[in-house]
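Following: one structure in structure tokens, then a few remarks.
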Amino acid sequence: MIVKALYIVLSVALVTVWGLTLTGIVRKIVARVHGRIGPPVWQPFVDIIKNNAKRTGISHGVMFYLGPVFRIAGGMGTFLFIPVLFGSDMFSNFSFAGDVFLVMYFIFFGQLGMALGSGEGGHPYSAIAVARGLAQMSAFEVPFALSVISLAVQYDTFSVSSIVAAQQGSIFSWTMFTNPLATIAAIIAMLGMNMHSPFDVVIAPQEIPIGPPTEYQGSFLGMLHTNRGIFNGAKLILFMNLYFGGATTIPEMIVKTFCIYMISVFVGVSFPRFRTDQSIRFFLGIPTLIGVAAVILYWL
Amino acid sequence: MEQINELKARYSISDSRDQRPDLGFITVDPGRLAALLAELQQVRGYTHLSFITAVDYPETGTFQLTYMVHNFESAHSLGVRTVISRDTALMESVHHLWKQAKTYQRELKEMYGIDFPGSPGVDDPFILEGWQGPPPMRRDFDTRAYSEKTYFPRPGRKTSDPRRHMQSRLYPDYTPFEEET
Amino acid sequence: MHNKETLPNLGLPEHERDLFCDARPRVSKPLASYIEKFLNWSRANSLWILAYGTGCGAIELRPLFTARFDISRYGMAPRPTPRQASLLMIGGYLSVKTLKRVIRSYEQMQNPKFVIGLGSCTVNGGMYWDSYNTINRLDHYLPVDVYITGCMPRPEAIIAGFEQLKKRIKDGRAEGANQYAEQFDWYKANQKKIITDWNMPDYNW
Amino acid sequence: MKPYSDRGKFPERTENGNVIDLDSGKFVKLWQGPQHPGVTGNMSLEVIISGDEVVDLTTHVGYLHRAFEKLIERRLYIQSFPLVCRICVPEPDTNEYGYAAAVEELAGIQIPEKAAWLRTLTLEMSRLTSFLMWLGGQAGAFGLGTIPQWCLAHRDYMLDLFEELSGGRVYHMYIVPGGVRDDLPRGFARRLEDVLQKIEQVMSDIELALFSNAVFKRRAVGLGIITRDMIDEYGIVGPNARAAGIARDLRKDQPYLIYDKLSFEPVTADFSDAYTRTLVRYREMEQSIDLIRQIMAGIPEKGAIHVRPPNVLHWKIPAGETYVKAESTRGEYGYYLVSDGTAYPRRVHVRGPSYTHAVVLLEHLALNTNIADLPGLMVSLHTYPPEIER
């Protein structure tokens with residue numbers, strides 16, 4: 001039991017550091033696209049230290065405190081039920097049969113908690129952003145859920161570990177090749193999930209400055225930033241497990257999650273953002289149809 | 001400009017002058033101004049209002065209002081001037097002719113204290129906020145004295161009138177000349 | 001009714017007074033020196049600038065944020081909300097109307113916070129020294145850490161100013177927020193002298 | 001989308017706007033700005049929204065009021081030159097030209113041929129500079145962060161040229177009464193051509209990345225439509241009007257300086273929405289590059305660049321009044337100068353196109369738009385607050 005707890009701590013530390021480093025690397029890459037040098041790779045860590053070093057902070061009530069807590073709980077929850085490395089006892093976390101559903105629930109849990117917390121912040125921009133975020137979230141959940149259902153039908157299991165196990169062998173047994181339609185639907189949903197353009201209207205700094213966390217400062221913000229590392233890492237690992245054959249070693253995990261994240265980043269730097277209504281129409285259009293097709297194809 | 005000559009008698013235009021081939025100025029009674037502008041806009045093709053502004057003449061106790069209208073067909077601008085009294089600064093509003101006129105009138109009310117009854121929102125503060133002094137663009141308002149009294153001037157700033165400065169540099173023994181204004 | 005600890009908030013209407021905080025700003029003591037040194041290092045290397053272009057100085061901030069001068073190299077980034085920002089750049093002259101908003105933005109920032117005055121007009125009024133609507137000395141209204149002179153200061157000068165500010169932060173001298181709390185009454189009196197329609201709380205947290 | 005006045009839950013529009021009951025819980029009042037990254041310059045919008053839809057908008061200006069017109073009345077004619085260029089920061093040369101030309105007209109000074117060419121050159125260069133920044137802003141307002149970076153970096157090359165020409169990056173004070181301050185530096189033409197080629201290159205990238213971008217089209221097409229009958233009613237000028245198909249360009253209609261010797265046609269389109277306005281301004285950038293090349297080809301090699309005005313410290317301008325206008329990036333930009341025969345101007349009024357674009361026009365166009373489109377709409381009108389309040 002104690003060994004398991006130590007393993008969990010180790011694996012959370014790994015994903016936090018990797019998630020934040022990935023953020024730093026991405027900033028650097030985006031800066032290169034812009035023609036800039038960009039911030040140092042370790043900048044996210046400095047930012048977190050700086051935010052926690054603020055001497056004063058203001059609160060707007062209990063829910064305001066709990067918002068970041070929910071958020072980080074959502075991030076941790078997502079992460080803790082995903083096996084990071086296939087076949088590794090150390091990085092298997094709490095994976096069990098049926099964890100796909102728990103993970104999907106946790107992905108949205110954090111956002112709901114954040115919605116309550118930032119709503120109590122009382123800033124009108126937070127409220128607008130929360131409305132936008134929840135609307136957009138329920139839209140991109142549809143293709144993602146359809147895609148996961150298609151996988152469940154395909155592999156006849158609800159366990160991430162089993163899905164990964166079924167993809168072992170050659171590269172052509174990855175879901176990416178065995179079920180391309182589900183993969184496409186999920187990747188499009190991931191664009192929405194990662195909040196890069198064109199689906200970043202929730203945090204659009206030109207319209208509603210920074211969105212839900214408008215009122216959060218100091219250590220609250222530090223917590224949200226830490227969560228960004230964990231949650232990003234967790235989501236990417238989930239996608240890697242479900243569609244890209246999982247990973248058996250840490251370097252493989254790093255390379256795969258990096259490549260998956262790059263899809264979001266490259267789409268992000270080359271598109272402006274959709275309005276909320278436009279992005280909802282987008283998600284409920286072709287991606288949903290692709291998802292439905294993926295489900296039907298494997299049902300038959 | 002022959003168009004203007006037709007209007008001369010009807011609107012008792014007292015003074016008309018060509019500054020450039022594409023720019024003329026006319027002066028009209030305040031009472032006839034709105035009617036003249038309406039005719040210029042709707043019949044004579046002066047459809048574009050460039051600006052409305054005021055010039056302060058405290059010596060004669062008057063404001064000169066200038067309405068610059070432009071005719072795109074003949075590429076001719078016409079400055080329609082009118083003179084109103086400084087004490088009872090009142091003028092007819094032309095916000096029904098051009099949408100942007102109400103903004104200019106709001107500014108004139110705030111900066112010169114010229115009232116345009118009926119103009120929408122003319123009493124709302126436009127640029128200044130919490131201003132308690134006289135209308136600041138009037139010439140008898142001394143901005144420098146106000147600034148020095150209010151805004152903690154940093155000591156050590158040397159301000160020299162350029163003419164006095166050059167004079168003291170070039171002709172140190174010369175007695176300063178009288179201030180020309 | 002009010003004692004030394006609370007603020008009267010006389011500018012607010014009676015029924016709104018209990019909606020707003022009436023606490024005075026507090027002085028936050030720095031921690032033990034070695035911890036503070038580390039924290040100051042992190043503060044100096046992660047300066048988030050409040051994206052409030054208050055004057056024509058804002059025009060030179062854009063080349064700074066973008067590819068030509070790229071201050072993100074130094075860990076700086078624009079931040080759209082005052083809650084999260086730590087550096088307020090005053091981009092030149094401040095009209096009375098803007099000063100009111102600037103004070104509000106400044107007070108919403110969290111300690112430690114820094115102020116850079118950009119351009120000669122923040123130092124002594126500069127070109128607008130005799131204008132009835134622009135302030136002459138910024139340091140009478142807000143604690144200024146670094147002044148960068150020029151009209152406009154070049155981006156290189158602004159980067160040099162940032163370096164100066166970083167040095168001050170690392171040395172532990174950039175305690176503007178504490179100074180503001182200590183001399184709160186003096187700053188408030190100066191602010192209220194020119195903002196005659198004070199219709200906000202005396203201190204906006 | 002149905003106009004809100006047709007919907008049952010909203011009261012009828014009245015003469016003085018809409019009756020909006022903020023206590024009904026159906027509306028939210030938002031302040032956008034002045035501390036808001038999406039608002040151009042330092043101004044603020046008082047927005048009332050219902051859901052995501054703007055039902056009322058009021059513009060508040062005055063945050064940048066420095067009382068230029070008052071200060072100019074206190075300065076000698078020559079002392080005002082450093083002041084006027086600060087009215088419009090991205091494009092100061094139009095101000096310098098307008099003021100200088102007004103002073104020269106009243107004083108009866110004819111500027112030499114070469115000075116006119118050099119003035120036109122700086123005007124076109126500053127037009128290109130200003131448009132580059134604007135194009136970045138337009139893309140940035142819709143969330144495409146890459147293009148502002150490219151645009152601003154290339155704008156800086158132009159600023160380097162300005163620095164070489166005049167010594168100042170942002171404020172040039174190159175145009176002075178009687179001509180211009182200095183001749184072109186040696187090798188300037190070659191360096192200018194290099195920069196123009198760089199800008200052309202980045203512009204072709206931008207054309208690909210922006211104008212054929214599906215998301216940008218979805219956002220910008222149909223946003224903030226200006227119809228033809230609004231043009232005179234609201235006093236719309238410049239690219240905003242030209243995008244609606246009205247070929248009004250002061251450089252063509254009332255040629256000043258040497259614009260009559262250059263060959264160009266006003267850029268027009270037939271439907272003024274945010275997308276077309278972007279396109280029109282993009283074409284005007286190309287036109288500007290072309291004009292700069294024409295000027296560099298035609299500029300006289302030799303000749304005076306400056307006629308000496310009388311001692312500027314005792315310079316009394318004969319009484320009179322005039323209005324000089326020039327086509328800035330936003331449209332008609334003019335200086336109305338009244339002289340009473342003394343050494344100080346009696347009155348200078350600055351007419352900036354944003355005076356109408358950012359106040360009455362924006363207030364009208366913003367109705368029934370989505371709150372997310374507001375920054376994009378505002379940038380697409382190319383508003384610039386300092387010329388409203390001066």
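Here the structure is a predicted model, which means the values were calculated and not measured.
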Would you compute the distance between atom CZ of A:R275 and atom OG1 of D:T369 and round it to the nearest 0.5 angstrom? 9.0 Å
Treating D:Q149 as the side-chain partner and A:R36 as the backbone partner, does any N or O pair qualify as donor plus acceptor under 3.5 Å? no
Give a yes or no on whether A:I286 atom CD1 has more than 12 heavy-atom contacts from other residues, nucleotides or ligands under 6.0 Å away. no
Selection from D:F216, D:F142, D:W31 maximising heavy-atom pairs under 4.5 Å formed with chain A: D:F142
Take a 6.0 Å sphere around OH of D:Y157 and say whether it holds more than 12 heavy atoms from other residues, nucleotides or ligands. no
Of the backbone (N, CA, C, O) and the side chain (C-beta and beyond), which part of D:A141 lies under 4.5 Å from a heavy atom of chain A, both, or neither? backbone
Interchain contact, D:L30 with chain A, by part (heavy-atom threshold 4.5 Å): side chain
Give, as side chain, backbone, both or neither, the part of D:I49 having an atom under 4.5 angstrom from any heavy atom of chain A. side chain
Grab the two heavy atoms, one from A:P272 and one from D:N213, that are nearest each other, plus how far apart they are. CD-ND2, 3.4 Å
Above 12 or not: heavy atoms from other molecules or residues under 6.0 Å from OH of A:Y65? no
Under 6.0 Å from the CD atom of D:Q201, do we count more than 12 heavy atoms belonging to anything else shown? no
Part of D:Q32 within contact of chain A (heavy atom distance under 4.5 Å): both
Got more than 12 heavy atoms from elsewhere within 6.0 Å of CZ, D:R191? yes
Could you give the distance from CZ (A:R132) to CD1 (D:I371), rounded to the nearest 0.5 Å? 7.5 Å
Could you grab the distance from atom NE2 of D:H36 to atom OH of A:Y125, nearest 0.5 Å is fine? 3.5 Å
Where do A:R273 and D:R219 come nearest, in terms of heavy atoms and distance? O-NH1, 2.6 Å
With chain D as the partner, which of A:A131, A:A127, A:G268, A:S270 has the greatest number of non-hydrogen pairs under 4.5 Å? A:S270
Within-4.5 Å side-chain heavy-atom neighbours: A:D277 and D:N370: yes
